[in-house]
*Asks:* 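Quick one: structure below, then a few questions.
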Amino acid sequence: MAYVVAEPCVKCKYTDCVDVCPVDCFYEGENFLVINPDECIDCGACVPECPTEAIFSEDDLPEKWAEYKEINETFASKWPAIGSKKDPLPEAEEFKNVDKKRHLLSEKPAS
């Protein structure tokens, strides 16, 4: 079982979670992070670090965000790895508590 980054991360991309990951299983898109399920060791260190509470174990992923399991799997193989903390997106605070952001998720890799 791996962890999954869900919708609250969209347009925020806080990377506090990346900084504590012992296996560097995070990958970076233009405005979202994903976890590679094949690399995640299920330690849970990232969960309490996420300011938007966007990270869930597969078993606890809310049904309304079920598609994010596949999103994480898909983009972990297409986006570049991220292994250290970076500044969040400039609009992170504005979007931190916004619901229904799926349509804002960019499929582009981080540049």
Side-chain angles (χ1 to χ4, degrees):
M1 179 180 66
Y3 280 81
V4 176
V5 180
E7 188 167 288
C9 183
V10 175
K11 297 280 284 179
C12 294
K13 204 167 79 167
Y14 290 96
T15 56
D16 306 64
C17 52
V18 172
D19 215 28
V20 299
C21 181
V23 294
D24 294 334
C25 65
F26 282 87
Y27 290 78
E28 184 182 16
E30 182 178 49
N31 69 359
F32 188 67
L33 297 173
V34 296
I35 293 172
N36 184 322
D38 296 330
E39 297 173 359
C40 178
I41 60 170
D42 196 30
C43 70
C46 56
V47 175
E49 300 303 316
C50 180
T52 63
E53 298 179 2
I55 304 173
F56 299 87
S57 71
E58 286 181 29
D59 291 342
D60 295 330
L61 183 64
E63 182 60 34
K64 66 182 178 180
W65 295 326
E67 70 179 309
Y68 283 87
K69 181 179 179 210
E70 184 177 332
I71 288 170
N72 278 245
E73 290 171 359
T74 299
F75 291 105
S77 65
K78 297 179 179 181
W79 289 349
I82 176 173
S84 60
K85 186 174 178 174
K86 296 180 178 180
D87 289 335
L89 295 176
E91 65 270 22
E93 282 300 312
E94 175 187 347
F95 282 92
K96 186 175 180 178
N97 296 311
V98 172
D99 289 330
K100 299 181 180 170
K101 302 187 282 185
R102 171 62 180 96
H103 67 285
L104 300 172
L105 191 151
S106 169
E107 295 185 2
K108 296 178 183 174
S111 52

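Predicted model only: the values in this text are computed from it and were never measured. Sequence positions, counted from 1, serve as the residue numbers for this chain.
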*Asks:* Quick one: pull up CG in Asp59 and OH in Tyr3 and give me the separation to the nearest 0.5 Å.
*Replies:* 9.5 Å
*Asks:* Can you give me the closest heavy-atom contact between Trp79 and Glu28, atom names plus distance?
*Replies:* CB-O, 3.4 Å
*Asks:* Which pair of non-hydrogen atoms, one from Glu39 and one from Val23, has the smallest distance, and what is that distance?
*Replies:* O-CG2, 3.4 Å
*Asks:* Using every non-hydrogen atom in the two residues, find where Glu30 and Leu89 come nearest and quote the distance to one decimal.
*Replies:* O-CD2, 3.9 Å
*Asks:* Check whether any side-chain heavy atom of Tyr68 sits under 4.5 Å from a side-chain heavy atom of Arg102, and report yes or no.
*Replies:* yes
*Asks:* Give the minimum heavy-atom separation between Asn72 and Val34, together with the two atoms involved.
*Replies:* OD1-CA, 3.4 Å
*Asks:* Would you indicate whether the side-chain heavy atoms of Asp19 and Glu49 approach each other to under 4.5 Å?
*Replies:* no
*Asks:* Find the distance between SG (Cys9) and CZ (Phe32) and round it off to the nearest 0.5 Å.
*Replies:* 5.0 Å
*Asks:* Take a 6.0 Å sphere around NZ of Lys101 and say whether it holds more than 12 heavy atoms from other residues, nucleotides or ligands.
*Replies:* yes
*Asks:* Any idea which heavy atoms bring Thr15 and Ile82 closest together, and the distance?
*Replies:* CG2-CD1, 3.8 Å
*Asks:* Take Glu91 and Val98 through the side chain to side chain contact (heavy atoms under 4.5 Å, CB included) test and state the conclusion after the steps.
*Replies:* CA-CA 11 Å; Glu91 65 270 22; Val98 172; over 6 Å; no
*Asks:* Is the closest side-chain heavy-atom distance between Trp65 and Phe56 below 4.5 Å?
*Replies:* yes
*Asks:* If you count every heavy atom of other residues, nucleotides or ligands that lies below 6.0 Å from Glu67 atom CD, does the total exceed 12?
*Replies:* yes
*Asks:* Using the side chain to side chain contact (heavy atoms under 4.5 Å, CB included) rule, pick out the option among Val5, Thr52, Leu33, Asn31 that qualifies with Lys13.
*Replies:* Leu33
*Asks:* Any side-chain heavy-atom pair from Pro51 and Lys96 closer than 4.5 angstrom?
*Replies:* yes
*Asks:* Rounded to the nearest 0.5 Å, how far apart are CG of Asn36 and OG of Ser77?
*Replies:* 8.0 Å
*Asks:* Which value, rounded to the nearest 0.5 Å, describes the distance between Asp99 atom CG and Glu7 atom CD?
*Replies:* 7.5 Å
*Asks:* Restricting to non-hydrogen atoms, name the atom on Phe26 and the atom on Ile35 that form the minimum distance, rounded to 0.1 Å.
*Replies:* CE2-CG1, 3.4 Å
*Asks:* Same cluster or not: are Tyr14 and Tyr27 linked, directly or through other Ile, Leu, Val, Met, Phe, Trp or Tyr residues, by side-chain heavy atoms under 4.5 angstrom apart?
*Replies:* no
